[in-house]
Amino acid sequence: MTATRQLLVHLLLPLLLICFLLLSIQTSAAGGFTDKLEWGQNLTDGQTLVSPGGSYTLGFFSPGASTKRYLGIWFSVSNTTVYWVANRDQPLPDKSGMLVFNDVDSLVLLDGSGRTAWSSNFPAASAAAVWLLESGNLVVRNGSSDISLWQSFDEPSDTLLPGMKLGKNLWTGGEWQLTAWSSPDDPSPGNYRRTLETAGLPELVVWQRGVKKYRTGPWNGRYFSGVPEVSWYANKYTLWVTKSPSEMTYGYTAAPGTSLTRVVLNYTAGGVERLVWDAGTGEWVSYFKGPRDPCDAYASCGPFGLCDAGAASSGFCGCVEGFSSVVSASPSAQEVRDSADGCRRNAALDCDGGKTTDDFKVVPGVKLPDTQNASVDMGVELEECRERCFADCSCLAYAAADIRGGGDGTGCVIWKDAILDLRFVDGGQNLYLRLSKSEFDDSKGFPTLLVATPIASAFTILLVLFVVWWRRKRRVVGVIPHNPAMAVPSISLAIIKDITINFSDGNMIGQGGFSVVYKGKLPGGRTVAVKRLKQSALTTKGKTDFVREVEVMAGLRHGSLVRLLAYCNEGKERILIYEYMQNKSLNAYIFGAAKLRASLNWEKRLKLLHGIAHGIAYLHGGSGESVIHRDLKPGNILLDDEWNPKIADFGTAKLFAAIDQAGPDQTIVISPGYAAPEYARGGEMTLKCDVYSFGIILLETLSGERNGALHRLLSHAWGLWEENRIVELLDTTMVPLPESETELLSELKRCIQIGLLCVQETPGDRPAMSAVVSMLMSTTSHIDWPRRQVDSREAVDSNSSRGLRTDLLSSTTTDLT
Ligand SMILES: *[C@@H]1O[C@H](CO)[C@@H](O)[C@H](O)[C@H]1NC(C)=O
Ligand SMILES: *[C@@H]1O[C@H](CO)[C@@H](O)[C@H](O)[C@H]1NC(C)=O
Ligand SMILES: *[C@@H]1O[C@H](CO)[C@@H](O)[C@H](O)[C@H]1NC(C)=O
Ligand SMILES: *[C@@H]1O[C@H](CO)[C@@H](O)[C@H](O)[C@H]1NC(C)=O
Ligand SMILES: *[C@@H]1O[C@H](CO)[C@@H](O)[C@H](O)[C@H]1NC(C)=O
């Protein structure tokens with residue numbers, strides 16, 4: 001016992017001494033700095049206050065090219081990053097300024113002639129002194145009292161630091177807000193302000209003078225409804241909104257040990273940015289930047305408009321269901337571009353004295369509309385919210401106010417005014433919209449929109465011209481941040497490094513020719529797949545392909561396609577983040593060991609094929625765009641935890657390869673065994689090539705055999721088909737189907753027949769994907785007799801493939817004509 005104690009004393013004492021010595025050296029080295037200015041002292045130009053931990057510095061500076069002097073506080077690591085300025089609109093002409101306490105109880109900034117350029121008022125206190133705290137807050141206190149008499153955090157400039165707040169003081173009516181600088185050379189209050197609006201649900205709004213420019217969407221308990229991506233770094237920087245009798249405010253906290261951060265309102269266009277200091281590179285890294293795209297511009301689609309950042313081809317704007325866009329009689333090119341006129345209801349509501357036949361339709365995945373005039377009740381469930389809206393004829397829509405509990409959420413927001421500033425966001429909320437009973441009548445056709453009146457045709461032509469112009473313009477653009485068509489958030493490299501533990505080998509889950517795939521874990525616990533392009537793939541073309549993949553994926557949303565959640569385009573990094581699929585890809589099962597094959601029984605296989613067919617049909621036109629996948633194969637069909645298929649790999653380096661080239665050096669991008677014969681011969685890539693690949697996938701899934709480059713499976717299948725023994729194609733390693741299962745058996749036979757239709761030699765003979773879907777879904781509809789082509793006909797029937805050939809750049813034109 002005593003021995004240990006002696007040992008401790010011998011070891012610890014010298015250690016403690018060393019520590020003490022080091023500390024005293026540090027203190028004396030820092031002797032020139034102080035964090036405090038007391039009554040009777042003064043601070044002149046050239047002198048500074050430094051916060052105790054050294055993070056922040058107060059002093060005099062000249063912004064940008066200006067020679068005028070201002071008193072401000074900046075980040076010590078980056079002395080041009082000034083986050084607070086005292087004399088914003090009263091610059092000092094020279095270096096004769098001085099900060100001092102005066103006799104009438106305030107801290108004042110005096111110029112050379114003793115005139116006051118800035119002052120802070122606080123209650124009289126004889127022992128007042130001002131401290132620069134390690135939080136960045138400059139506070140006046142009375143002696144050692146903890147109560148601050150005045151603090152800079154109450155008078156924000158253009159920057160919000162952790163511990164600061166925006167919002168309203170409900171007692172005094174005072175407000176905390178950010179005001180942008182006028183220019184990089186002039187910190188005086190500029191045109192942009194950012195406030196926390198509290199009339200409906202709290203939401204952050206950027207104003208340009210008196211006009212709303214950009215809102216984040218209402219606070220839903222976890223984030224602002226239009227900015228779900230903040231949850232990506234919620235473990236580091238956590239947002240909060242509080243309401244108390246005295247105030248309603250927003251702010252954020254930084255977890256201990258995290259890097260310096262700030263949220264700044266920019267003088268250019270009122271952009272809002274969250275920046276995080278990267279000590280490694282000595283630069284600020286952007287974690288979030290808004291507005292992100294044209295859809296973030298306030299109310300850009302007018303009342304009842306719905307903005308879709310992925311729908312650049314239609315000028316981003318559409319209407320919510322049950323409404324059609326208001327097209328003025330003689331549309332100018334400008335009007336075609338933005339249908340800011342808004343939308344008009346197709347069928348009047350029917351509600352009188354509480355009696356109504358109306359119903360609600362859900363508008364999923366949106367930033368909730370402006371709640372300025374909405375009424376809010378946090379205390380009810382969503383079901384009651386619905387009833388309230390139903391019973392009130394002036395209620396147009398409702399939504400949950402709080403999503404913290406999961407599910408559909410709780411609380412109630414009710415809109416009686418126009419629905420304004422609605423847009424799709426990834427991870428957005430549901431809005432329930434009141435519509436006339438007739439909108440629920442399935443037999444009703446689409447509203448007659450572009451009927452062939454002269455006006456409508458003129459409109460169509462203008463729209464087509466605009467789209468062509470716009471797309472041509474857009475083709476040149478190779479850098480994502482300049483591209484407006486982004487529905488998918490861009491995430492900083494720092495965050496991605498964080499969630500993949502710096503791309504550690506332990507997190508690697510796959511590797512291809514062009515990319516490495518990692519597993520990543522988001523703060524909320526969700527797992528994602530992180531696809532990082534290899535540097536060798538970063539040719540000019542590789543970069544263009546990356547931009548295109550993001551563009552395409554941003555516009556696609558379907559249960560049978562993997563979802564792109566975010567991307568990163570920083571320096572030399574090109575990274576895509578997808579939802580993570582638990583169960584690997586289809587090939588692992590259908591070609592796997594008996595046990596794996598057995599885990600996919602016949603019902604599951606049929607269901608899978610239906611799902612894949614739906615996904616491809618959606619790609620081929622269901623989204624409004626026509627996209628050719630070009631590399632469909634079982635290895636690109638992922639399975640989620642409920643065995644739903646998810647089509648993946650929109651081939652960063654493959655998808656669009658054929659678009660830019662025109663010469664004979666066209667490389668065949670599709671895997672052998674899945675390529676349509678006309679394409680393999682050097683022909684054109686059409687939608688029917690995807691149909692062919694689907695046919696092969698179908699046959700492989702049911703037979704458990706690979707087709708391979710020699711098309712062995714296909715010859716086998718055609719042989720059996722012609723001999724009327726097609727049942728023998730079914731995977732023999734599976735438990736044989738009992739005779740009693742006639743229904744299942746005939747369904748499998750139908751399915752094979754459809755598969756054979758898809759792999760017919762002549763593209764024109766193959767059904768369109770939408771026809772494949774309806775054949776698969778019906779057990780009664782007629783199915784053509786598939787024929788194996790003998791070389792009697794011209795292999796490529798040019799007539800039948802006309803109008804089907806499509807690629808991204810011409811698809812919309814095809815749709816409209
Ligand atoms: C400012 O402080 C210095 C010493 O700290 C003192 O010599 C000087 O007179 C002060 N100036 C004024 C104007 O109070
Ligand atoms: C900021 O830092 C640079 C270089 O470190 C230095 O030259 C400059 O004088 C500093 N400016 C201020 C206002 O401290
Ligand atoms: C400030 O502190 C002094 C002594 O420390 C005390 O006499 C005085 O009353 C205090 N004033 C206020 C306003 O708290
Ligand atoms: C405002 O944006 C411009 C251009 O993006 C940038 O150079 C500048 O540093 C930003 N200013 C602030 C205060 O963040
Ligand atoms: C709320 O009502 C006011 C007054 O009628 C109106 O000016 C404003 O545009 C409305 N705001 C929204 C978002 O509907």
Side-chain angles (χ1 to χ4, degrees), residues 34 36-47 49 63-64 72 74-75 78 80-85 88 96-103 108-116 156-161 178-192 194 197 199-201 203 205-207 210-213 215 217-218 261-277 283-291 298-299 301-305 342 367-375 394 396-397 413-422 479 481-482:
T34 169
K36 184 168 83 165
L37 181 74
E38 288 179 53
W39 187 283
Q41 295 181 323
N42 61 53
L43 186 90
T44 54
D45 202 323
Q47 295 179 318
L49 296 185
W74 56 85
F75 288 81
S78 161
T80 52
T81 312
V82 177
Y83 64 84
W84 184 79
V85 185
R88 288 187 77 172
S96 59
M98 182 171 74
L99 182 69
V100 67
F101 284 97
N102 76 359
D103 312 331
V108 291
L109 178 65
L110 305 174
D111 67 12
S113 54
R115 269 196 300 263
T116 304
S157 292
D158 64 346
T159 304
L160 197 74
L161 296 184
L178 298 182
T179 326
W181 288 23
S182 291
S183 76
D185 308 329
D186 180 5
S188 70
N191 287 337
Y192 297 99
R194 192 183 205 212
E197 290 304 302
L201 280 174
E203 51 185 315
V205 174
V206 172
W207 300 81
V211 181
K212 280 188 193 179
K213 296 304 281 183
R215 33 186 293 283
T261 184
R262 62 192 168 112
V263 172
V264 63
L265 178 64
N266 201 305
Y267 41 79
T268 52
V272 176
E273 196 166 10
R274 167 173 300 278
L275 294 145
V276 174
W277 181 253
E283 278 172 6
W284 291 101
V285 176
S286 175
Y287 267 38
F288 170 78
K289 209 171 185 173
Y298 181 73
C301 296
F304 297 98
K367 163 166 108 177
L368 291 180
D370 196 325
T371 63
Q372 183 190 357
N373 300 330
S375 50
S394 58
L396 299 175
V413 204
I414 280 180
W415 285 268
K416 300 183 178 183
D417 252 350
I419 300 296
L420 266 184
D421 200 32
L422 193 62
V479 189
H482 297 158

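Counting starts at 1 for both ligands and their atoms, in listed order.
- D185 and S183 form no side-chain donor-acceptor contact under 3.5 Å, judged by distance and modelled atom types alone.
- Within the 4.0 angstrom cut-off, atom 9 (O) of ligand 1 has no protein heavy-atom neighbours.
- Here the shortest heavy-atom distance to atom 6 (C) of ligand 4, taken over N266, V272, T268, L265, belongs to N266.
- Judged by distance alone, the side chains of W277 and S78 never bring a donor and an acceptor atom under 3.5 Å apart.
- The single protein non-hydrogen atom nearest to atom 7 (O) of ligand 4 is Y267 OH, 4.6 Å, given as residue, atom name and distance.
- When heavy-atom distances to ligand 1 are checked against a 4.0 Å cut-off, Q41 has no atom that comes that close, whether in backbone or side chain.
- Taking OG from S394 and CG from D417, the interatomic distance works out to 10.0 Å, rounded to the nearest 0.5 Å.
- Contact annotation for atom 2 (O) of ligand 5: protein present (non-hydrogen atoms, distance under 4.0 Å).
- Nearest protein heavy-atom contact of atom 12 (C) of ligand 5 is N373 ND2, 3.3 Å.
- By the 3.5 Å distance cut-off applied to N or O atoms, D370 is not counted among the residues near ligand 5.
- With salt bridges taken as basic N to acidic carboxylate O contacts below 4.0 Å, one links K212 and D370.
- There is a protein heavy atom less than 4.0 angstrom from atom 14 (O) of ligand 5.
- Within the listing of ligand 4, atoms 13 (C), 14 (O) sit less than 4.0 angstrom from a heavy atom of V264.
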### Task
Output, in order, the C-alpha distance, side-chain angles, deciding distance and verdict of side chain to side chain contact (heavy atoms under 4.5 Å, CB included) for T261 and R274.
CA-CA 7 Å; T261 184; R274 167 173 300 278; 3.0 Å; yes
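- Classification of the F101-W39 ring pair by plane angle, with boundaries at 30° and 60°, yields parallel.
- In this structure, the side chain of T81 does not engage the main chain of F75 through any donor-acceptor pair within 3.5 Å.
- Remark: ligand 1 atoms within the under-4.0 Å shell around heavy atoms of N42 are 1 (C), 2 (O), 3 (C), 8 (C), 10 (C), 11 (N), 12 (C), 14 (O).
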